[in-house]
Amino acid sequence: MTWNHLPTELHLAVARFLPPQDTRALSRTSRSSYTLLLPRIFSDVSISSRSALQSFVMHVPARYGALIRRLSVCTKPGERALVQEVDCTEHLVAILATCSYLRSLSLSLAASLNASAITPVFATLTAVQKFEIGCWGQEETAPVSERIAVSLAASLPSLTHLTMSRITRSALHVDNCFPPGVPLVLNDHDVPSHPILGEELCIPSLLKLPTLKSLDLRDVWIDCDENMRVQGKLAQLECVSISGSMYRDGEVESKACLAWLRACGPVLRSFKTGIPLGESQPSTRPGKEWMAMEDDSITSPLPILTHLNVDAERVALDDLLPMLNVLTACEIKRITIVNAAMCAAQDAFTRECASDEFEDWQDAIEQFLTSNEWDSLKSIEFNFGQGAQRVWSF
């Protein structure tokens with residue numbers, strides 16, 4: 001029996017095991033195969049550059065947009081591009097306007113977008129649950145403003161998982177006491193007011209999004225949030241990850257991270273951080289408290305956490321015990337400590353370094369276990385790569 005005589009169910013079953021390039025090759029064998037495999041070919045679309053985005057808009061029929069479930073777009077310029085920063089809003093709007101069943105969207109932007117033009121389209125993406133937005137270029141020269149990123153996220157009516165990478169804070173939401181060298185966006189005052197958040201399009205306002213369950217802030221400067229307070233109904237956040245920023249001021253960033261942890265609300269269960277959390281005195285630094293509580297003297301308690309994930313690439317060994325002492329009230333059940341870079345390394349030198357660090361970290365954890373009073377703790381998982389792993393169960 002030939003391929004063309006097999007039932008449709010078998011064709012689809014075979015296609016499920018094929019990588020994307022082989023699926024495309026199979027679709028070219030006949031008109032019937034192309035028609036059958038078209039939904040699978042366009043279910044997951046990745047556009048890798050500005051020129052590829054333009055080509056997709058020009059040559060792919062708009063009706064195929066309804067087949068896209070996952071869309072990833074990077075607007076980086078070509079190697080020989082004469083102009084590095086080009087507004088790609090028009091092309092993005094053209095694609096997104098056709099993606100009526102889109103569930104996951106990822107944007108890596110080499111230049112900012114026209115918020116007035118693209119925000120209305122985001123409001124029509126009613127099926128999108130996962131959204132990632134980040135800056136592809138340098139924050140100093142081609143930043144993506146927090147006001148645009150927050151406005152887009154808040155416009156997605158079904159958003160549950162949000163990731164922001166290297167999003168630059170707006171001068172409209174930051175006081176004048178920020179350290180020199182921290183990039184800020186100065187020309188984003190024209191981002192229109194949002195129906196839910198109004199003019200408060202700062203990153204802490206994300207805590208007001210009613211459907212949001214998971215928030216991941218990667219390489220985002222949060223020092224300006226050390227005095228943040230949240231007013232009104234909060235999102236039911238279950239998982240939060242804050243990696244820290246290269247522009248960090250250690251003590252201020254620690255205070256800001258704890259302010260975020262307190263503000264996330266009692267539903268939070270999982271917290272991942274690359275910021276050393278240490279004991280410190282309340283800040284007296286002035287700041288713009290965009291979401292001030294009615295009684296600023298009230299400090300929200302730390303939430304009860306099921307899982308704490310420590311990024312050992314960013315948190316030094318000397319900071320581990322002070323960090324755990326600060327989080328004692330969280331009644332954590334499981335702690336995971338991972339160094340992803342060492343886990344991925346294959347060269348002998350890095351593996352030897354991982355082995356040495358593993359011994360030091362293991363000793364620190366043993367010291368913590370002999371002196372801690374964490375009755376809630378059930379396990380500690382430690383992973384620095386092959387040969388440098390251990391699990392403590394209680």
Side-chain angles (χ1 to χ4, degrees), residues 106-110 112 131-150 153 162-186 188 201-207 214-228 237 239-264 271-278 280 283 285 287-291 308-320 322-323 326-327 337-341:
S106 175
L107 299 179
S108 179
L109 303 173
S112 190
F131 178 42
E132 299 181 12
I133 182 169
C135 175
W136 177 84
Q138 297 182 351
E139 288 189 68
E140 293 81 2
T141 57
V144 176
S145 168
E146 67 174 321
R147 289 180 58 81
I148 292 178
V150 170
L162 174 62
T163 298
M164 290 187 170
S165 302
R166 299 175 60 240
I167 297 299
T168 307
R169 307 305 292 264
S170 169
L172 293 176
H173 303 306
V174 176
D175 60 62
N176 296 323
C177 299
F178 63 91
V182 176
L184 295 177
V185 179
L186 304 175
D188 56 355
L201 298 175
C202 52
I203 290 178
S205 293
L206 293 169
L207 296 178
S214 174
L215 176 63
D216 187 355
L217 301 179
R218 301 177 183 175
D219 296 306
V220 174
W221 184 64
I222 66 166
D223 293 21
C224 56
D225 301 328
E226 64 168 316
N227 294 323
M228 67 180 278
L237 276 173
C239 178
V240 169
S241 176
I242 304 178
S243 71
S245 167
M246 63 180 292
Y247 303 106
R248 65 173 56 180
D249 177 325
E251 184 175 352
V252 177
E253 188 180 46
S254 173
K255 294 177 183 177
C257 189
L258 286 172
W260 265 94
L261 189 55
R262 290 189 174 95
C264 285
F271 183 64
K272 178 180 179 180
T273 186
I275 299 174
L277 303 178
S280 58
S283 174
R285 193 177 77 163
K288 291 183 178 179
E289 299 186 5
W290 287 91
M291 296 177 291
L308 171 67
N309 192 322
V310 179
D311 183 353
E313 286 187 71
R314 297 173 180 256
V315 176
L317 175 59
D318 291 342
D319 296 317
L320 179 63
M323 181 177 187
V326 169
L327 298 177
I337 302 172
V338 178
N339 188 316

- Query: What residues form a side-chain contact (heavy atoms from CB on, under 4.5 Å) with Gln138, not counting sequence neighbours?
  - Reply: Glu140, Thr141
- Any residue meeting side chain to side chain donor-acceptor pair (under 3.5 Å) with Asp219, in chain and number order, not counting sequence neighbours: Arg314
- Among Cys264, Ser241, Cys257, Cys239, whose side-chain contact (heavy atoms from CB on, under 4.5 Å) with Phe271 holds? Cys257
- Which distance, rounded to the nearest 0.5 Å, do you find between the CE of Met323 and the CG of Asp318? 14.0 Å
- Who pairs with Ser214 by side chain to side chain donor-acceptor pair (under 3.5 Å), at least two apart in sequence or on another chain? none
- Starting at SG of Cys202, measure out to CZ of Arg147 and round the result to the nearest 0.5 Å. 9.0 Å
- Task: With sequence neighbours left out, write down each residue that passes side-chain contact (heavy atoms from CB on, under 4.5 Å) with Glu132, or none if nothing qualifies.
- Result: Ser106, Lys130, Thr163
- Hey, mind stepping through Leu327 and Leu261 against side chain to side chain contact (heavy atoms under 4.5 Å, CB included) and telling me if it holds? CA-CA 10 Å; Leu327 298 177; Leu261 189 55; 3.8 Å; yes
- Query: Is the backbone of Gly137 close enough, under 3.5 Å, to the side chain of Arg166 for a donor and an acceptor to pair up by distance?
  - Reply: yes
- Taking every heavy atom of Ala142 against every heavy atom of Ala110, the minimum-distance pair comes out as CB-O, 3.4 Å
- Got Ile222 and Ile275 here, is their nearest side-chain heavy-atom distance under 4.5 Å? yes
- Query: Hey, is the main chain of Gly134 close enough, under 3.5 Å, to the side chain of Ser108 for a donor-acceptor pair?
  - Reply: no
- Message: Give me the atom names and distance for the closest heavy-atom approach of Tyr247 to Gly181.
- Response: CE2-O, 3.5 Å
- Task: Please identify each residue that fulfils salt bridge (charged side-chain N to carboxylate O under 4.0 Å, His left out) with Arg169, with sequence neighbours left out.
- Result: Glu146, Asp225
- Message: Quick check: closest heavy atoms across Ala153 and Leu206, and the distance to 0.1 Å?
- Response: CB-CD2, 4.2 Å
- Task: Considering non-hydrogen atoms only, spot the tightest contact between Arg218 and Asp216 and give its length.
- Result: NE-OD2, 2.8 Å
- Message: Tell me every residue that passes side-chain contact (heavy atoms from CB on, under 4.5 Å) with Ala312, counting only those two or more places apart in sequence or in another chain.
- Response: Ile337, Asn339, Trp361, Phe384
- For residues Ala171 and Leu186, report the shortest heavy-atom separation together with the two atoms involved. CB-CD2, 3.6 Å
- Smallest separation among heavy atoms of Val144 and Ile167, with atom names: O-CG2, 3.5 Å
- Query: At what distance, to the nearest 0.5 angstrom, does CG of Leu107 lie from OG of Ser165?
  - Reply: 11.5 Å
- Task: Nearest 0.5 Å please: distance from the CE atom of Met164 over to the CD1 atom of Ile133.
- Result: 6.5 Å
- Query: Would you find a donor on one side and an acceptor on the other, under 3.5 Å apart, between the side chain of Glu253 and the backbone of Gly244?
  - Reply: no
- Does Asp188 have any salt bridge (charged side-chain N to carboxylate O under 4.0 Å, His left out) partners at least two apart in sequence or in another chain, and if so, which? none
- Message: I need the Ile148 CD1 to Ser170 OG distance, nearest 0.5 Å.
- Response: 9.5 Å
- Can you check whether Thr168 reaches Cys135 side chain to side chain, under 4.5 Å on heavy atoms? no
- Item | Trace of the side chain to side chain contact (heavy atoms under 4.5 Å, CB included) decision for Trp260 with Leu217 | CA-CA 11 Å; Trp260 265 94; Leu217 301 179; 4.0 Å; yes
- Measure the CG-CG distance between Leu201 and Leu172 for me, rounded to the nearest 0.5 Å. 9.5 Å
- Task: Apply ring pair (Phe, Tyr, Trp, His ring centres under 6.0 Å) to Phe131 and list each qualifying residue two or more places apart in sequence or on a separate chain.
- Result: Phe122
